[in-house]
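Taking it in order: structure first as structure tokens, then the write-up.
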There are 2 protein chains.
Amino acid sequence: MSVGLEVDLASAVPVWEQVRAQVVAHVAAGRLRPGDRLPTIRALATDLGVAPGTVARAFRELETTGVVVTRRRAGTQVAAGAVAADDGLRAAAAAYARAAHAAGLTPDAALDLVRGVLLATPARAESAAGRR
Amino acid sequence: MSVGLEVDLASAVPVWEQVRAQVVAHVAAGRLRPGDRLPTIRALATDLGVAPGTVARAFRELETTGVVVTRRRAGTQVAAGAVAADDGLRAAAAAYARAAHAAGLTPDAALDLVRGVLLATPARAESAAGRR
DNA sequence: TCCGATGTATTGATGTGCCGATACATTGGT
DNA sequence: ACCAATGTATCGGCACATCAATACATCGGA
């Protein structure tokens, strides 16, 4: 394992989504930094035991969201603009995670809660058009 | 509208999931409190323009997660055990939401981040057995 | 006791998303 | 100029989830 990606083939959530989420998490946590290279599509596909198209799907999503940048021969690497979450944000997330944990919430329940709060947020200014 | 539920029939996320998430959000936010009655399945179904089974699916999920309790003739109401998030938790969620908003994250990106943090959390002690 | 209101279960059709396989395009090194 | 490594595109099949429709079970009040 190079960056430590794992997937659960039996899971209900799609493999490509698992890959995408893990990369996003790694970047946000600073374990993957701008310029770092990800495994090649084929290598990762073989490693995970899936078809290349599946990994490609994940990478494509990551690129359209600006997390990675990919050049034909050079492979795929973390985009320069894909900054890790700043300390304040990460601290807030960590604080929330601790609180949720202390309250005995399951991860799903915890996610539901923030989802509700985020949706209730005033009407974000459609900034990054299209962005998922 | 009684509790203010709305669904987007054209959305990619299932109608039943939209209903479920909204109820959870309302409960967590304290807008729905233990003992409060939800609309009947038929009423809500008609209101939303979907089949009863669809709403029933949402309510079923809510019941298995302990958010609501339902008795044959009495309808469906918010469970006594379904406490709203305590102030600390809600504050943490709100703080995070503000930080995410300030950082320009889209709701999806913000969710990805907490998901990553939650998954990275030490290994929660399988407490509430089953609970999704 | 009867009836209407409410949740529950079943069945079937439809869509659509995932994934594998494979062929293609492009690019940088030698 | 060539070639091998890398990402991209396409096609098909399989599976499964969603949703509608409808019939059933259960309960409380009049």
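Any value given below was found using the heavy atoms of this structure, including those in side chains, with hydrogens, waters and symmetry copies removed. Naming convention: chains lettered A, B, ... in sequence-line order (proteins, then strands); numbering from 1 in each chain.
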I need a per-nucleotide contact map over nucleotides 17-30 of chain D, read 5' to 3'. Cutoff is protein heavy atoms under 4.0 Å; write B for the base, S for backbone only, - otherwise. -SSB----BSBB--

Mind checking whether [X] and [Y] have side chains closer than 4.5 Å, heavy atoms only?
X       : Y      : value
F59(A)  : T70(A) : no
L113(A) : Y96(A) : yes
L5(A)   : H26(A) : yes

Distance check: side-chain N/O of T40(A) vs OP1/OP2 of dA5(D), anything under 4.0 Å? no

Are any side-chain N or O atoms of R20(A) and backbone N or O atoms of R57(A), one a donor and one an acceptor, separated by less than 3.5 Å? no

What integer distance in Å separates [X]:[atom1] from [N]:[atom2]?
X      : N       : atom1 : atom2 : answer
R60(B) : dG7(C)  : CZ    : P     : 14 Å
Q77(A) : dT6(D)  : CD    : P     : 13 Å
L44(A) : dG20(C) : CG    : P     : 12 Å
Q18(A) : dG17(C) : CD    : C1'   : 15 Å
R37(B) : dT6(C)  : CZ    : C1'   : 9 Å
E63(A) : dA9(D)  : CD    : P     : 10 Å
R20(A) : dC18(C) : CZ    : C1'   : 16 Å
L48(A) : dG20(C) : CG    : C1'   : 15 Å

Which heavy atom of V13(B) sits nearest to which heavy atom of Q18(B), and what is that distance? O-NE2, 2.9 Å

Going by the salt bridge (Lys or Arg N to Asp or Glu O under 4.0 Å) test, which pairs reach into residues 68-86 of chain A, not counting sequence neighbours? none

